[in-house]
Amino acid sequence: MSDLAYLDHAATSPIRPEVVDAMMPYFGERFGNPSSSHRFGRAAKAGLEGARRQVADALGVEPGQVIFTSGGTEADNLALIGGALAAKAAGRPMTVVTTTTEHKAVLAAASAVARMGGESVLLPVDGVGQLHRAAFEEALGRSPAVVSVMWVNNETGALQPIAELAAACRDAGVRFHTDAVQALGKVPVSAAAIPGALISISGHKVGAPKGIGALIVPDRGAVAALVHGGGQQFGVRPGTEHVAGAVALGEATRLAVAEQESHAAKLEALRQRLLDGLRRALPDLVVHADAGPRAPHIANLSAPGAESEALLMHLDLAGVAASGGSACSTGAVEPSHVLTAMGVPDALGRAAVRFSLGPTSTDAEVDRAVAAYPTAVARVRELGMALGRV
């Protein structure tokens, strides 16, 4: 498949060879249950705790603050729902505050808190995806249980001023959470910049397998457990741990943080190559969140008059993998909730395509996309005109 262009790394990235090498022994001779006291269990336990130390060292936290989860979705749910339940147990309101452009994992968790009798407050963003600070500061006055703002938006790459937001929450005595799934390895991510914050990460965005992630929990009172069982992971997330996955996450996180600066420079150059080429071919191209601070690996763009569903089909036939900026709901293509919240007109929202770059991305892949996308746009526009849609 070397002649294909995989430009959907924000959805998932290939597993790194170093990560495969690190995790393979835990499918074989180190298969034991880490809660067992015999040598097989001790070998597994050593791998698990080594992985916990790797994640902790990479993010600048203590090993006991790393809680392994099944991925970013579970980590986000544990942060918001667990944070709300912890507040309720302490006699405080179950209010969670987040933004209209969060990942669906956060928005669904906030809705779940509301169904449990709490309150969900959604804050607006501007045209480049930046949080409205006045609304944020007003929300702090509600003394919420948790404020959750994602570090890097998964659809547009919009980068929020996380250190400033976390500091404001800390000054107000409010727990802060950030979904750092798209930030890890692309921008500097360190708990030192946001002390006391809950931080979600996911393995398959940084070269580990799907099905493993972590939540950084700064203290035991920050979240209440959502799963109950044998008391593993300090009782915060009990259940027999996915040792091989944890080892993979540890190695992948170590590599992602160590290589972040050089990796980001490569991604920025590749994205610029992509956008320069597409803008030359399509002068009316719209690049969403382009005027604001962004992470280097995502380009979300729209060609007026060319809906993404058809574009993605043509791109796939041309050997280019990308994602749409819209989701199919009730049989109709609807604009992404992120773009809608940013004030993007529906017609442009339905035309949105996300290209996302990763460690295996090359100039040749970008050039393939630069050649394929304008051709796909022309074909979709031509069909739309024939059908009277343009």
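Predicted, not measured: the structure shown is a model, and the values here were computed from it.
- At least one donor-acceptor pair closer than 3.5 Å links the side chain of R271 to the backbone N or O of A295.
- Contact between R279 and V287 at its shortest, heavy atoms only, is NH2-CG2, 3.5 Å.
- Note that CG of L267 is 9.5 Å distant from CD of Q260, once rounded to the nearest 0.5 Å.
- Judged purely by atom type and a 3.5 angstrom limit, S190 uses its side chain to pair as donor or acceptor with the backbone of A192.
- At a threshold of 4.0 Å, the pair E49-R52 counts as salt-bridged, since one of the basic side-chain nitrogens sits closer than that to a carboxylate oxygen.
- Using modelled atom types, one finds a donor on one side chain and an acceptor on the other under 3.5 Å when comparing E251 with Q54.
- A side-chain donor-acceptor contact under 3.5 Å links S302 and H288.
- In summary, E164 and R133 engage in a salt bridge, as defined by a charged side-chain N under 4.0 Å from a carboxylate O.
- T98 places a side-chain N or O within donor-acceptor distance of the main-chain N or O of S148, the cut-off being under 3.5 Å.
- Salt-bridge check for R175 with D219: passed, with a basic side-chain N closer than 4.0 Å to an acidic carboxylate O.
- No hydrogens or angles considered: a donor-acceptor pair under 3.5 Å links the side chains of H204 and T12.
- Using a 4.0 Å cut-off between charged side-chain N and carboxylate O, R273 and D363 make a salt bridge.
- For R142 and E119, the salt-bridge test passes: some basic side-chain N is under 4.0 Å from an acidic carboxylate O.
- The pair D284-R381 counts as a salt bridge, with a side-chain nitrogen and a carboxylate oxygen less than 4.0 angstrom apart.
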